[in-house]
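Quick note: numbers below take in every heavy atom, side chains included, and nothing from hydrogens, waters or symmetry partners. Atoms within each ligand, like the ligands themselves, are counted from 1 in listed order.
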Amino acid sequence: MAKVLVSDPIDQAGIDILSQVATVDIKTGLSSEELAQIIPEYDALMIRSGSRVTQEIIEAGTQLKIIGRAGVGVDNVDVNAATRKGIVVVNSPEGNTIAAAEHALAMMLALSRYIPDANASVKSGNWDRKSFIGAEVYKKTLGIVGLGKIGSHVATAAKAMGMKLLAYDPFISTERADQLGCRLVEMDVLLQESDYITLHIPKTSETTHLINADAIAKMKPNARIINCSRGGIIDEMALYNALKEGKIAGAALDVYETEPLGDSPLKSLEKQVILTPHLGASTTEAQVNVAIDVAEQIRDVLLGLPARSAVNIPGLGPDVLEELRPYMQLAETLGNLVGQLAGGRVEQLVVKLQGELATNKSQPIVVAALKGLLSQALRERVNYVNASIEAKERGIRVIETRDAAVRDYAGSLHLEAKGSLGEHSVTGALLGDSEIRITDIDEFPVNVPPSQNMLFTLHRDMPGIIGKIGSLLGSFNVNIASMQVGRKIVRGDAVMVLSLDDPLPDGILDEITKVSGIRDAYTVTL
Ligand SMILES: NC(=O)c1ccc[n+]([C@@H]2O[C@H](COP(=O)([O-])OP(=O)(O)OC[C@H]3O[C@@H](n4cnc5c(N)ncnc54)[C@H](O)[C@@H]3O)[C@@H](O)[C@H]2O)c1
Ligand SMILES: O=C(O)[C@H](O)COP(=O)(O)O
């Protein structure tokens, strides 16, 4: 039975799903060293933001097939290292959207009405009403940075509270912003005009310290900023200085440059600052959602099925997979075939999508072709996750082309591999919904299904040659299952494609190439 390690607190609903297919060990609070030490025995790792999955841990995870992040952000996982090792990384893109949006709204209101300090004051025996005169959000301007899933929900709720909305998101259309009642503006305008600013963006090299001393200097003196997205997007020292000097009115933070938050000067500030310990996703509902979402994906991957929200298999969502799966199978078979025909080191692969396939998404097809191409060299180490990276690291140049006008079959795929030993091409198509046919070898037309043991020859089309090959195979006790010749002109060059019941014994290929009229011979195992 597979083994899953759960290294952060996960709702029982997720554990129950994992337990259907695996032995589940829950070990929270592990140090990186402890995690690296025990990870070799696990097939899957399920985490939240508390575990940092470094390259060392991934390297140590020799059995790991999947890392499941029960939440949105995968910035605590070295996704590149996982991709290189063919480990699928999945998350739950929507499971905690509402929780995070509501936390940001709660922070905005709590900050405006000094609720945490007023509460602490009453609980310590005071009845102080003068110190907590707040501000209304009604008719104030809210600047939303990042109008994705969480930012959009914040916009809808804030609109209902009577706020005016500005948004900055370079990847969102004006139509989408309009739909949400937001005026799409440049960042500087948002900084200058907003009474409240809320951040809902990922942490990237571009967004790190997006809110720095310069940005804060552009904000209104009554401005309050809320960050429930990722630590490090605000420069905490610059924020502290601005709050201390009264340059802006307040800040509410849920996330920090370093978590848990250590000895930060922000803790010394009073009612103008609210700090929560990364609670954005901490609702019962969100925890059930993300646990189920990610546990189901881990279960599926352990059962050999695709994951619906893999962050390192771009373009391979469940809908795409469903539609393209037969063509991906075709691409993988042809990739494997052309790789073996080319032999040696392949330097370039041309992937040509033809007919109806030309209108489809090419990326999954290319990935599948590369997986097939590399499978002889890398065996089970290559998969849909790492095929592109492995190809890049081997210096294989990939060229994609499309030709919708090719109509021999509804859709067909043509691959050309150029390598250290020469150049070969294959074409294939689907018969019915999923039956694969090889329809062309080195531009000679054929029509054969792939089989496990195959022999291909390039020869002169002349009487007796097929018989000689048949006798030779017979003398080595190799049974021929089917045979076909493809030629362009009578008595010109031709290819012979044989499907064999048995693998070819060592040495027979040399004998075949000695037969008069045979120019080349290749064995292929699919
Ligand atoms: N505090 C928490 O517990 C908590 C919970 C859930 C999510 N999050 C974090 O919230 C953030 C947003 O999550 P989401 O689910 O809405 O993501 P999302 O991908 O749906 O939206 C992110 C938006 O940011 C925009 N964006 C990207 N780069 C930008 C840039 N340089 N400037 C402006 N906009 C940019 C994108 O176009 C996108 O619309 C993520 O960082 C996520 O990790 C935090
Ligand atoms: O990215 C996320 O989903 C949030 O930061 C929540 O993280 P958590 O699940 O570890 O609380």
Side-chain angles (χ1 to χ4, degrees), residues 6-11 14 28-29 46-53 68-77 79 89-107 143-156 166-174 176-177 179-180 182 184-191 197-212 215 226-234 252-256 259-261 274-294 309 311:
V6 175
S7 64
D8 282 313
I10 302 289
D11 192 90
T28 58
M46 186 164 181
I47 56 161
R48 282 177 59 196
S49 58
S51 300
R52 181 149 291 280
V53 189
R69 160 54 162 126
V72 181
V74 287
D75 40 348
N76 53 329
V77 178
V79 178
V89 180
V90 302
N91 71 349
S92 174
E94 291 177 13
N96 59 26
T97 299
I98 303 299
E102 289 184 359
H103 197 67
L105 292 160
M107 292 285 244
I144 304 173
V145 182
L147 208 50
K149 292 181 285 294
I150 298 170
S152 298
H153 192 72
V154 167
T156 308
L166 300 179
Y168 170 68
D169 188 327
F171 310 106
I172 286 285
S173 67
T174 314
R176 172 71 183 146
Q179 262 174 17
L180 292 163
C182 296
L184 207 53
V185 293
E186 286 305 315
M187 188 65 186
D188 274 359
V189 176
L190 184 143
L191 290 168
I197 294 174
T198 184
L199 307 178
H200 300 290
I201 49 179
K203 186 179 174 197
T204 63
S205 51
E206 272 174 28
T207 62
T208 300
H209 286 190
L210 180 73
I211 306 297
N212 54 18
I226 299 119
N227 187 11
C228 292
S229 60
R230 273 293 173 270
I233 294 173
I234 298 183
L253 307 182
D254 185 46
V255 286
Y256 308 91
E259 294 181 12
L261 182 64
I274 302 177
L275 308 174
T276 53
H278 203 145
L279 291 181
S282 295
T283 63
T284 311
E285 296 86 342
Q287 285 315 305
V288 171
N289 290 344
V290 297
I292 292 177
D293 193 359
V294 171
S309 307
V311 301

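- Distances from atom 34 (N) of ligand 1 to the heavy atoms of T276, I201, L190 show the closest one on I201.
- For ligand 1 and G146, the ligand atoms under 4.0 Å from any heavy atom of the residue are 24 (O), 34 (N).
- For S49, a nitrogen or oxygen atom sits less than 3.5 Å from a nitrogen or oxygen atom of ligand 2, counting backbone and side chain alike.
- The only option from I226, N227, L190 that meets the side-chain contact (heavy atoms from CB on, under 4.5 Å) definition with I197 turns out to be L190.
- Closest heavy-atom approach to atom 39 (O) of ligand 1 among the candidates D169, N91, I144: D169.
- Smallest separation of non-hydrogen atoms from A281 and Q287: O-NE2, 2.8 Å.
- For ligand 1, the atoms lying closer than 4.0 Å to a non-hydrogen atom of T207 are 30 (C), 31 (N).
- For ligand 1, the atoms sitting less than 4.0 Å from at least one non-hydrogen atom of A281 are 3 (O), numbered in the order shown with element in parentheses.
- Within the structure, ligand 2 lacks G95 among the residues with a heavy atom less than 4.0 angstrom away.
- Of the protein's non-hydrogen atoms, R48 NE, 2.9 Å is the one closest to atom 9 (O) of ligand 2.
- Ligand 2 has a nitrogen or oxygen under 3.5 angstrom from a nitrogen or oxygen of V72.
- Counting the atoms of ligand 1 from 1 in the order shown, those under 4.0 Å from a heavy atom of D254 are 1 (N), 2 (C), 3 (O).
- Not a single donor-acceptor pair under 3.5 Å links the side chain of S7 to the backbone N or O of S51.
- Across M187, K149, H278, K203, heavy-atom proximity to atom 20 (O) of ligand 1 is greatest for K149.
- When heavy-atom distances to ligand 2 are checked against a 4.0 Å cut-off, N96 comes that close only through its side chain, counted from C-beta outward.
- D254 and T276 form a side-chain donor-acceptor contact under 3.5 Å, judged by distance and modelled atom types alone.
- Listed by number with element, the atoms of ligand 1 under 4.0 Å from a non-hydrogen atom of P170 are 32 (N), 33 (C), 34 (N).
- A donor-acceptor pair is defined here as one N or O able to donate and one able to accept, closer than 3.5 Å; no such pair exists between the side chain of D11 and the backbone of G14.
- What you find for I201 and L210 is that their closest heavy atoms are CD1-CD2, 3.7 Å.
- At the shortest separation from atom 22 (C) of ligand 1 among protein heavy atoms lies H200 O, 3.6 Å.
- Under a 4.0 Å criterion applied to the non-hydrogen atoms of R230, ligand 1 contributes the atoms 41 (O), 43 (O), 44 (C).
- In this structure, V154 and H200 have side chains that are in contact, with non-hydrogen atoms separated by less than 4.5 Å.
- In terms of modelled atom types and a separation under 3.5 Å, the side chain of D293 and the main chain of G95 share no donor-acceptor contact.
- Among all heavy-atom pairs drawn from I234 and L199, the shortest one is CG1-CD1, 3.6 Å.
- By the 3.5 Å distance cut-off applied to N or O atoms, G50 is not counted among the residues near ligand 2.
- The nearest protein atom to atom 9 (C) of ligand 1, hydrogens excluded, is given as S229 O, 3.6 Å; this is a heavy-atom distance.
- None of R230, R69, R52, K203 except one satisfies the salt bridge (Lys or Arg N to Asp or Glu O under 4.0 Å) rule with D75; the exception is R230.
- Neither the backbone nor the side chain of S92 comes within contact range of ligand 2; no heavy atom lies under 4.0 Å.
- If you number the atoms of ligand 1 from 1 as listed, the ones under 4.0 Å from a heavy atom of G73 come out as 43 (O).
- Between H278 and ligand 2, an N or O atom pair is found at a separation short of 3.5 Å.
- Considering all non-hydrogen atoms of both residues, R176 and S152 come closest at NH2-OG, 3.2 Å.
- The contact set between ligand 1 and A100, taken as ligand atoms under 4.0 Å from a residue heavy atom, comprises 5 (C), 6 (C).
- Remark: distances from the non-hydrogen atoms of T97 to ligand 1 are all 4.0 Å or more.
- Between the side chains of T97 and H153, no donor N or O sits under 3.5 Å from an acceptor N or O.
- At a 4.0 Å heavy-atom cut-off, ligand 1 touches N96 through the side chain alone.
- The two atoms that bring M107 and A252 nearest to each other are CB-CB, 3.8 Å, heavy atoms only.
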